[in-house]
2 protein chains.
Amino acid sequence: MTEKIRETGERVTIRTVAEDAGVSTAAVSKVLRNAYGVSDTLRSKVLTSIEKLGYRPSTAARGMRGKTYSIGLLLTEMENAFLPKVVRGAKEVFGAANYQVMIGVGEAQASIEQSLIDSMMDMRMDGVLLVAPRLTGTVLAGYAAKTPLVVIGHHEPSAETFDTVNSDDVAGAREAVCALIASGYRDIHMTSLSQRRFDMPAGEGEVFTMRETGYLAAMQEAGLSDRARIWRLREREGCEGPPLTDLLKVGPRPEAVFCWSDIHALELINLAWSRGVRVPEDLAIVGYDDTPAAGMPIVGLSSVNQQGADLGRQAARAMLSRIEGRTTPEHILLEPALKTRRSSGS
Amino acid sequence: MTEKIRETGERVTIRTVAEDAGVSTAAVSKVLRNAYGVSDTLRSKVLTSIEKLGYRPSTAARGMRGKTYSIGLLLTEMENAFLPKVVRGAKEVFGAANYQVMIGVGEAQASIEQSLIDSMMDMRMDGVLLVAPRLTGTVLAGYAAKTPLVVIGHHEPSAETFDTVNSDDVAGAREAVCALIASGYRDIHMTSLSQRRFDMPAGEGEVFTMRETGYLAAMQEAGLSDRARIWRLREREGCEGPPLTDLLKVGPRPEAVFCWSDIHALELINLAWSRGVRVPEDLAIVGYDDTPAAGMPIVGLSSVNQQGADLGRQAARAMLSRIEGRTTPEHILLEPALKTRRSSGS
DNA sequence: CAAGTTACGTAGAACAGTATACGTAGACTG
DNA sequence: CAGTCTACGTATACTGTTCTACGTAACTTG
């Protein structure tokens, strides 16, 4: 009955290896997971067979009972030039721990994000790492109940079931605005996004909300509250719409603008250039994220660097410890640093 | 014996659904795959149970016998701003066919690329789509024997076992160089990468090789062969090294430079700006890929657009038809188009 | 109305691993 | 020298699907 050594076609499975090495499949499995109870002789026998046959364990099968040694990483969109560093940092740590990272791209839609997270769980990935998701804390908690979850770029310090890793956006914004004030600017406006949810407790929410808080705090500390103004632009609208062009009109034009992201800052700097508005003489600009484009000499955009690689690394470490069994939440905050370039004046 | 309805903990499997709907697991599976042999009554019974229980099929288990409805997409690196469009195009087609796309990032190292492809196959993904891989045709053929394989940005027109989708890099380069010639430039140089393999038949190889061919052809057609010069820069060295700065020295400085990629072109345009070399008056520049940075008004870099989204879409279509069973190879070539901006003169 | 199709469902093997219970040989103890 | 402990391997149940083979009921057809 066990004699049917019929050719299984091509695929070399754990059984092929076991047969070749003259041991049981479980023994092979043990060697693979270097579990307890394997002698050196057995181990080497199995290892040579694996080598000889070019065997690779199937992650799919593995996922049914054990772990898959893979992590799902969800990005909201690929266009944001800030993400590569985060990914690189995370991959560095995960790679060292022998985890593979598979990335899903959410196209900036909550529904796509959700279906991707579901897929990652369906694939039995060992954990899911979210970067700047467009999901509410409730939804996140729902996922956290089913899989180890770590979130980057989403402030939720009271979350009990998942970890968050963030740059201190309040401090970053404050630093940027303080630098503008120190350079002598007084009429400092800010560009931000339109709010999607209004029911957030203080200290929670999306990163741009935190940056607004930092902006307002810095303005207030300098006694400039009455000059503060936040231009809320609809997302994906770009800066072509009336709001941002209005910002450049001579009448109400501020002396300086703090942009919640380089996405806005770069559009603004280009818009200014196109209309002959000199930067920083007529308009100083500070961005956020310190993307590669900001660093191009021809652009020279001052921008807050939030150490993407470190965010990624810390998040990956949190994930690993959570996979190891940690259940107490961790909420990590990293210090950003303003990178000063031409666009913010002297 | 079948009476042990002991609580399985939490997980709702195909069995839970079958029990709830009062049918066999196979019936549920059939509904899921909408296979032949399911009555409307049975279908709706199963569907309501699925809905009620919030059941989701496990991709991992699915991978063991059937397909996983997931595609592995391998990117060489994330930094290249040309990739998002390709990904978006591919996701568009895959998404419509209900496939999930999981992305792996190769960090520009062949060994990492290989381990990612292996992982994707270990996860039993239904196909693997490679973008500008650093792998040889032989290695690619090896993978193609084991899984449906489509490659973007790697010319291998004689490959029998996998498909390729490319922009016509020879034509693109020729168009770029012809445009420069038409604008009156004669001393036109090119930047490229250092060759890694020299044993390629004509018509095969990496994209920059093709672009060199197009450059040389255009120069020859204009009788400028003796003025042609290719500066080969080591990869990842950036443009800080001696070669590229040399290019800007007054003595041998060309009138125009065709860069194999915006990566070089942007560095060059910034380098020129920093040194007071006017673009295009002192030096005209044309890049390749038409990345977002090239389109910024402040940069104004002319660049060859190779329709990334279309590349992605075509590749995804090829993948789907290959998964459906096609075995004859397809080698698709798309027409690029030069986007003219300030940097290439009048 | 018996025989032959056709449609619908089901049981159970298969897939490629993990994890656990259990048997055994050798070392250690009193 | 019998009894216990421990280290090591093995057998086997288990995971969540797909898929093949088969049984049965309803519907045609002669």
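Letters A, B, ... mirror the listed sequences (proteins, then strands); counts begin at 1.
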[X] [atom1] to [N] [atom2]: how many Å, rounded?
{"X": "A:Ile14", "N": "D:dT15", "atom1": "CD1", "atom2": "P", "value": "18 Å"}
{"X": "A:Met123", "N": "D:dG16", "atom1": "CE", "atom2": "C1'", "value": "15 Å"}
{"X": "A:Asp40", "N": "D:dA7", "atom1": "CG", "atom2": "C1'", "value": "13 Å"}
{"X": "A:Glu19", "N": "C:dA16", "atom1": "CD", "atom2": "P", "value": "13 Å"}
{"X": "B:Asn34", "N": "D:dT18", "atom1": "CG", "atom2": "P", "value": "11 Å"}
{"X": "B:Met64", "N": "D:dT18", "atom1": "CE", "atom2": "C1'", "value": "11 Å"}
{"X": "A:Tyr55", "N": "C:dC15", "atom1": "OH", "atom2": "C1'", "value": "13 Å"}
{"X": "B:Arg124", "N": "D:dG16", "atom1": "CZ", "atom2": "P", "value": "18 Å"}

Task: A:Arg56 or B:Val38, whichever maps to the more 5' nucleotide of DNA chain C - done: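 Its nearest nucleotide lies further toward 5', so the answer is B:Val38.
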Task: 5' precedence on DNA chain C between B:Ala27 and B:Ala61 (nearest-nucleotide basis) - done: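 Closest to the 5' end, via its nearest nucleotide, is B:Ala27.
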Open item on the list: Regarding B:Lys67, tell me which of base, sugar-phosphate or nothing describes its non-hydrogen contacts under 4.0 Å with the strands shown.
Closed with: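 Since no nucleic acid heavy atom lies under 4.0 Å of B:Lys67, the category is nothing.
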Task: Any donor-acceptor N/O pair under 3.5 Å between C:dA16 base and A:Arg15 side chain - done: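 Yes, a donor-acceptor pair under 3.5 Å.
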Task: Base D:dT18 paired with B:Arg65 side chain (donor-acceptor, <3.5 Å) - done: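 Check passes, donor-acceptor contact within cut-off.
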Taking the side chain of [X] as heavy atoms from C-beta outward, which of [options] is closest to it?
{"X": "B:Ala26", "options": "C:dG9, D:dC19, C:dA7", "result": "D:dC19"}
{"X": "B:Ser39", "options": "C:dT10, C:dG17, C:dC8", "result": "C:dC8"}
{"X": "B:Leu32", "options": "C:dT18, D:dT18, C:dT10", "result": "D:dT18"}
{"X": "B:Thr41", "options": "C:dG9, D:dT18, D:dT17", "result": "C:dG9"}
{"X": "A:Ser29", "options": "D:dT10, C:dT18, C:dA16", "result": "C:dT18"}
{"X": "B:Lys30", "options": "D:dT17, C:dG9, D:dG16", "result": "C:dG9"}
{"X": "B:Arg33", "options": "C:dG9, C:dG17, D:dC19", "result": "D:dC19"}

Min side-chain heavy-atom separation [X]-[Y] under 4.5 Å:
{"X": "B:Met123", "Y": "B:Ser70", "result": "no"}
{"X": "A:Thr161", "Y": "A:Leu149", "result": "no"}
{"X": "A:Asp118", "Y": "A:Tyr143", "result": "yes"}

- [ ] Give a yes/no on whether any side-chain N or O of A:Ser58 is located under 4.0 angstrom from OP1 or OP2 of C:dA16.
- [x]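 It does not, given that no N or O in the side chain of A:Ser58 lies less than 4.0 Å from OP1 or OP2 of C:dA16.
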Open item on the list: Any side-chain N or O of B:Tyr69 below 4.0 angstrom from OP1/OP2 of D:dT17?
Closed with: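 No, no such contact exists.
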TODO: In plain terms, say whether A:Arg88 and B:Glu107 are close enough for a salt bridge, that is, a side-chain N and a carboxylate O under 4.0 Å apart.
DONE: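 Looking at A:Arg88 and B:Glu107, the cut-off is met.
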TODO: Please determine if B:Lys85 and B:Asp310 form a salt bridge, counting it only when a charged side-chain N lies under 4.0 Å from a carboxylate O.
DONE: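 Here B:Lys85 does not pair with B:Asp310 in a salt bridge, since their nearest N and O are not under 4.0 Å apart.
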Open item on the list: So, taking the atom named CG in B:Leu74 and the one named CE in B:Met120, what distance separates them when rounded to the nearest 0.5 Å?
Closed with: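 Here the interatomic distance stands at 5.5 Å.
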Open item on the list: Return whichever of A:Tyr36 or A:Ser24 has its heavy-atom-nearest nucleotide of DNA chain D closer to the 5' end.
Closed with: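 Closest to the 5' end, via its nearest nucleotide, is A:Tyr36.
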